[in-house]
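Only one structure is covered here, and it is reproduced in the block below.
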Amino acid sequence: MFFVLRNRTYRHLFAAQAIALVGTGLATVALSLLAYDLAGSSASAVLGTALAIKMVAYVGIAPVIGAYADRLPRRALLVSTDLVRGGVALALPFVTEVWQVYVLIFLLQSASAAFTPTFQATIPEVLPAERDYTRALSMSRLAYDLESLFSPVLAAGLLTLITYNWLFFGTVVGFLASAALVMSVVLPKPAPVQRSGGAFAKATYGARLFGATPQLRSLLALNVGIAAAGAMVIVNTVVLVRDHLERAAGDVSLAFGAFGAGSMVVALLLPRVLDRLSGRTVMLPAAVVLFMVLAALTLGIALDVRSWPSLLIAWAVLGAASSAVLTPTGSLIRRSVPSADLPAAFAAQFSLSHAAWLLTYPLAGWLAAELGMTAAAGALTTIALVAAAAAWILWPAKATVHPVPTPLTASSHQSTQEDTALAA
């Protein structure tokens with residue numbers, strides 16, 4: 001899988017992604033501590049609002065950027081968003097009011113909503129061979145999983161030496177390093193696309209692509225299933241571990257680690273599996289597994305079964321199934337739309353998938369707080385069931401696919417780099 005790192009452009013882009021993710025992880029820890037300093041016992045409300053603002057930015061900004069991505073040099077766009085994120089991180093240690101946190105978080109996440117879909121749309125052009133791109137998707141999934149494990153440990157170690165405000169400066173360094181790595185390579189020039197209609201029609205073009213393509217309609221349902229399982233893990237792990245199982249605070253990290261470990265194992269194994277099996281054969285059964293694990297969890301909570309090993313196994317399986325759905329998503333989008341529509345399609349996926357999280361995050365937390373954990377788990381299980389059923393129904397066995405571009409020869413690749421150097 002790691003042989004794709006021999007490609008210099010991809011190697012630099014992957015390093016930029018990984019370093020930026022670590023910086024974001026440090027900022028997450030620092031932001032929690034900052035919220036506590038500003039709001040005390042109301043810190044949870046501050047963080048919950050910040051999370052909602054993050055999702056609103058993701059849902060609203062990504063389609064707009066996707067509509068005009070073909071008109072912007074990709075390298076300039078990626079570097080600019082890194083610099084904006086670095087500037088916001090630099091300002092965060094100096095805020096004195098909660099509303100200032102909200103404004104800065106909106107700016108930070110708006111920049112991320114521009115960066116991520118553009119980055120995702122660039123990779124299939126940097127690695128045009130299907131086999132290479134499949135491995136790049138697994139590498140990307142692995143980077144996210146490693147960040148979720150590494151960043152909290154790094155933050156904890158740094159906090160023994162420095163105050164949390166310095167973590168924000170670590171985030172700044174991460175984004176500046178990411179920008180430098182992107183600047184060090186030549187990226188393909190986006191193909192100009194002429195579309196009719198005004199700004200709204202262009203911003204919603206990617207969503208209409210999803211609505212018109214059966215397998216992408218199925219992906220919408222899969223996104224909802226992922227969000228249902230993920231919300232249960234992210235929102236309610238601390239309550240299950242601390243209150244339901246009466247475990248120590250450190251075990252919360254172990255539970256999250258089990259989820260990440262399951263995801264990493266599948267990310268490492270999946271490239272070879274996808275060489276033999278279609279994305280449909282992998283993703284749809286994984287959606288069913290998400291529902292089955294949530295159903296078993298709901299039953300266990302309802303019957304007051306308290307088993308620490310069972311929770312770790314459930315979280316590991318949820319992580320594995322989530323990775324089995326998420327990792328092939330890029331290939332599915334790539335093969336479902338023409339290459340000129342990739343920026344709009346990736347922006348739509350980014351926006352619509354986070355819209356699902358915007359639904360399940362508050363649902364998981366509110367139901368658990370107001371009606372109990374059984375009600376929350378039951379509701380999320382029902383959502384996962386409906387999502388899995390819809391995904392199976394909507395995805396035909398024979399889906400429309402677009403040919404994957406033929407890899408460039410060495411000479412044509414050099415010519416393309418020379419042609420795109422000015423554009424980047």
Side-chain angles (χ1 to χ4, degrees), residues 1-31 54 58 74-75 77-86 88-89 108-109 111-127 132-158 167-187 256-257 259-271 319 322-323 326-331 346 350:
M1 182 175 73
F2 298 99
F3 69 83
V4 292
L5 294 175
R6 296 173 185 169
N7 181 303
R8 179 179 180 273
T9 300
Y10 174 70
R11 183 170 67 250
H12 283 222
L13 290 178
F14 176 76
Q17 178 194 29
I19 292 172
L21 283 173
V22 172
T24 302
L26 294 178
T28 301
V29 175
L31 183 61
K54 169 184 175 179
Y58 280 4
R74 285 181 179 167
R75 188 168 67 178
L77 177 59
L78 292 173
V79 170
S80 298
T81 54
D82 267 337
L83 294 179
V84 169
R85 294 192 291 181
V88 170
L108 175 68
Q109 303 304 342
S112 294
F115 179 93
T116 303
T118 304
F119 179 91
Q120 292 172 334
T122 302
I123 299 304
E125 297 185 20
V126 172
L127 297 173
D132 293 346
Y133 182 53
T134 299
R135 277 136 182 91
L137 293 175
S138 291
M139 292 284 290
S140 181
R141 183 73 252 155
L142 193 62
Y144 278 101
D145 292 332
L146 287 173
E147 182 277 324
S148 67
L149 297 174
F150 175 69
S151 291
V153 175
L154 177 61
L158 290 174
L167 295 182
F168 288 119
F169 293 107
T171 301
V172 174
V173 172
F175 287 135
L176 291 179
S178 174
L181 285 163
V182 173
M183 281 292 294
S184 69
V185 294
V186 175
L187 302 182
F256 282 124
F259 182 87
S263 180
M264 288 172 60
V265 169
V266 170
L268 288 169
L269 297 177
L270 207 53
S322 297
S323 186
L326 290 170
T327 303
T329 293
S331 287
F346 276 107
F350 186 83

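Just so you know, residue 1 is the first one in the sequence shown, and it goes up from there. We use all heavy atoms of the structure for the numbers below, so side chains are in, but hydrogens, waters and symmetry mates are not.
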Hey, mind stepping through Thr9 and Val186 against side-chain contact (heavy atoms from CB on, under 4.5 Å) and telling me if it holds?
CA-CA 7 Å; Thr9 300; Val186 175; over 6 Å; no
Who pairs with [X] by side chain to side chain donor-acceptor pair (under 3.5 Å), at least two apart in sequence or on another chain?
X      : value
Thr327 : Ser323
Thr116 : none
Ser263 : Asp145
Thr24  : none

Closest non-hydrogen atom pair, [X] against [Y]:
X      : Y      : answer
Ser184 : His12  : OG-ND1, 2.5 Å
Leu270 : Ser138 : CB-OG, 4.4 Å
Arg75  : Met183 : NH1-O, 3.3 Å
Phe168 : Leu31  : CZ-N, 3.8 Å
Ala113 : Pro117 : O-CD, 3.0 Å
Thr134 : Ser331 : OG1-OG, 3.9 Å

Got Asp132 and Asn7 here, is their nearest side-chain heavy-atom distance under 4.5 Å?
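They are not in contact (no side-chain heavy atoms under 4.5 Å apart), so the answer is no.
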Checking [X] now: which residues fulfil ring pair (Phe, Tyr, Trp, His ring centres under 6.0 Å) with it, not counting sequence neighbours?
X      : value
Phe119 : Phe115
Phe346 : none
Tyr58  : Phe350, His354

What residues, two or more places apart in sequence or in another chain, satisfy side chain to side chain contact (heavy atoms under 4.5 Å, CB included) together with [X]?
X      : result
Thr329 : Leu219, Met283, Ile333, Gln349
Leu26  : Leu154, Ala155, Leu158, Leu167, Thr171
Ser80  : none

With rounding to the nearest 0.5 angstrom, report the CG to CE distance, Leu269 to Met264.
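Between Leu269 CG and Met264 CE, I get 11.5 Å after rounding to 0.5 Å.
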Gap between atom CD of Gln120 and atom CD of Gln17 - 0.5 Å precision
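Rounded to the nearest 0.5 Å, the CD-CD separation comes to 8.5 Å.
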Identify all side-chain donor-acceptor contacts of residues 173-182 below 3.5 Å with residues at least two apart in sequence or on another chain.
{"unit_1": "Ser178", "atom_1": "OG", "unit_2": "Ala16", "atom_2": "O", "d": "3.4"}
{"unit_1": "Ser178", "atom_1": "OG", "unit_2": "Asp82", "atom_2": "OD2", "d": "2.6"}

Step by step, would you call Leu187 with Leu78 a side-chain contact (heavy atoms from CB on, under 4.5 Å)?
CA-CA 11 Å; Leu187 302 182; Leu78 292 173; 3.8 Å; yes
